[in-house]
Amino acid sequence: MELSNAKKVREFILNNAVIILMLAAVAVVGCLRDNFFSAYNAKNLISNTAARFIVALGVSGCLITKGTDLSAGRMVGLAACLSATFMQRFDYSSKVYPSMPELPIVGVFIGVVLICMVFGLANGLVVSLLNVPPFIATLGMQTVVYGICLVYTGAQPIGGLRADYTNISSGSLFGITWIPYLGIIAIILGAIMWFVYNKTPHGKHMYAIGGNENAAEVSGINTTKTKVIIYVTAAALYGIAGFLYGAKSGGASVNLGQGYELEAIAGCTIGGVSTNGGVGRISGILVGVLVFELLKIAMQFMGLETSYTYIVQGIVIIFAVALDIRKYVAKK
């Protein structure tokens, strides 16, 4: 019995080694640096985690079905640029559309999400009907979306945003610093996706496809329809994230969102979403993204240059995927 328990402990440590090591590093930084454990830093952490979590929610469905979505970051950037364009103040001197009146936030939000869903629909159709590998299909879409964003913005930054728009990111519930609106929005979206993944036929079909797509087809699951819904839903989440990022950044440019898809994949993998498909939980995704953001903030507090943080993040991604493959091989 003692041997069995020791084996379980060892397996738990190995399977969660990335999270344990990252939390240990964060604890050390928290002890060495003042103000690390502060209300302001907590708000910053929650806001950053919330936005990244929404992107990771979209990517997770693709990963669970043994796919991926490399166009996520560029869709976020396009959504942010579109949102910023239509959320500029009427009296801003460098307004993109000088004669356009101030539009309702809800209308702009819906329009931006719908535009992103069109690209998601294209991804889903190419992957499911043309049988193009998700890596190639979404890599091509990444370039297409980036090109469209460059043409639309002229590679110029967009600023002068309305206060009611930026308040979405800067505001907090009841004025409590560590309960920002972004965190509340992320929790609501996470709860919705948890319900979809665990309580709907679509969620069951998604996990079945990730486990064995051929068996899923034989059992009567419409794999084409399921995959299309996954990529359209993912794009909708990218649109929401981009809308929020525009408010959070106080402006937008074509470079916003660059590399976000890799961070989302890393957060999902750290949180237990298997790149081999069929495995993944919403709670795990939240933990993975949260720990990843904690590590980045800890590195900032240690005064590391941005160049070095990329190196650390890359190592974490490789290590997380290696552990995921190890678990898969062990099950086999």
Side-chain angles (χ1 to χ4, degrees), residues 47-48 50-56 58-59 62 68-89 92-98 100 103 105 107-123 126 135-162 165-166 168-170 182 231-232 234-267 293 296 306-307 309-310 313-314:
S47 297
N48 290 343
R52 295 293 202 281
F53 176 57
I54 295 171
V55 180
V59 173
C62 307
T68 190
D69 193 346
L70 299 181
S71 64
R74 293 305 184 186
M75 281 199 213
V76 169
L78 177 62
C81 288
L82 289 171
S83 302
T85 298
F86 296 108
M87 286 287 102
Q88 289 182 303
R89 299 192 307 271
Y92 184 57
S93 58
S94 299
K95 193 174 182 181
V96 177
Y97 301 114
M100 185 179 64
L103 301 175
I105 292 181
V108 173
F109 170 75
I110 293 173
V112 166
V113 172
L114 288 176
I115 290 172
C116 287
M117 289 173 70
V118 172
F119 293 108
L121 177 62
N123 273 337
V126 170
F135 177 87
I136 301 299
T138 59
L139 179 62
M141 185 58 70
Q142 177 193 86
T143 307
V144 170
V145 173
Y146 182 53
I148 291 173
C149 194
L150 279 171
V151 172
Y152 177 74
T153 63
Q156 298 298 315
I158 304 168
L161 305 186
R162 289 157 41 183
Y165 175 48
T166 57
I168 295 174
S169 65
S170 60
L182 283 179
Y231 282 92
V232 171
L237 289 166
Y238 307 151
I240 295 172
F243 181 84
L244 296 174
Y245 265 115
K248 184 175 182 295
S249 303
S253 70
V254 292
N255 291 322
L256 196 156
Q258 182 178 6
Y260 285 9
E261 66 279 351
L262 299 180
E263 292 188 12
I265 293 171
E293 287 301 315
K296 289 195 292 183
T306 305
S307 304
T309 62
Y310 284 123
Q313 290 175 36

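When reading the values below, keep in mind they use all heavy atoms of this one structure, side chains included, and skip hydrogens, waters and symmetry mates.
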- Item | Shortest non-hydrogen separation from S83 to V112 and the atoms involved | OG-CG2, 3.5 Å

- Residues in side-chain contact (heavy atoms from CB on, under 4.5 Å) with E261, at least two apart? L70, A72, Q142

- Message: With heavy-atom distances below 4.5 Å as the criterion, would you say the side chains of V55 and L237 are in contact?
- Response: no

- Message: When you compare the side chain of L78 with that of Y146, does any pair of heavy atoms fall below 4.5 Å?
- Response: no

- Task: Using modelled atom types only, decide if a donor and an acceptor are shared between the side chain of Q88 and the backbone of V96 within a distance under 3.5 Å.
- Result: yes

- Task: Mind listing the closest non-hydrogen atom pair of A235 and C116 along with its distance?
- Result: CB-O, 3.1 Å

- Message: Please check this pair: side chain of S249 against backbone of G246, looking for a donor-acceptor N/O pair closer than 3.5 Å.
- Response: no

- Item | Distance in Å, I168 CD1 paired with L182 CG, rounded so as to fall on 0.5 Å steps | 8.5 Å

- Between G251 and L161, what is the shortest heavy-atom contact and its length? N-CD1, 3.4 Å

- Task: Could you tell me the separation between the CD1 atom of I148 and the CE atom of M141, rounded to the nearest 0.5 Å?
- Result: 8.0 Å

- What's the shortest heavy-atom distance between V126 and A137, and which atoms? CG1-CB, 3.7 Å

- Criterion side-chain hydrogen bond (donor to acceptor under 3.5 Å, both in side chains) on K296 and N48, from CA distance to verdict: CA-CA 10 Å; K296 289 195 292 183; N48 290 343; over 6 Å; no

- Query: Any side-chain hydrogen bond (donor to acceptor under 3.5 Å, both in side chains) pairs touching residues 110-123, not counting sequence neighbours?
  - Reply: S71-N123

- Task: Determine whether more than 12 heavy atoms belonging to other residues, nucleotides or ligands lie under 6.0 Å from atom OH of Y92.
- Result: yes

- Query: So, do R74 and C149 sit near enough that their side-chain heavy atoms are less than 4.5 Å apart?
  - Reply: no

- For V232, side-chain contact (heavy atoms from CB on, under 4.5 Å) partners two or more places apart: M117, L121, V228

- Query: Any side-chain heavy-atom pair from I240 and F109 closer than 4.5 angstrom?
  - Reply: yes

- Atom CG in L82, atom CE in M87: separation rounded to 0.5 Å? 11.5 Å

- Query: Between R162 and L103, which heavy-atom pair has the shortest distance, and what is it?
  - Reply: NH1-O, 2.7 Å

- Does F86 have any ring pair (Phe, Tyr, Trp, His ring centres under 6.0 Å) partners at least two apart in sequence or in another chain, and if so, which? Y97

- Side chain proximity check, S253 to I158, heavy atoms < 4.5 angstrom: no

- Item | Considering all heavy atoms, the nearest M75-G120 contact | CE-N, 4.1 Å

- Do any N or O atoms from the side chain of K95 and from the backbone of M100 form a donor-acceptor pair under 3.5 angstrom? yes

- Could you list all the salt bridge (Lys or Arg N to Asp or Glu O under 4.0 Å) pairs where at least one residue sits in residues 80-89, not counting sequence neighbours? R89-D91

- Query: Got F243 and Y238 here, is their nearest side-chain heavy-atom distance under 4.5 Å?
  - Reply: no

- With the side chain counted from C-beta on, respond yes when T85 and Y152 share a heavy-atom pair under 4.5 Å apart, and no when they do not. yes

- Residue list, ring pair (Phe, Tyr, Trp, His ring centres under 6.0 Å) with Y260, at least two apart or on another chain: Y245

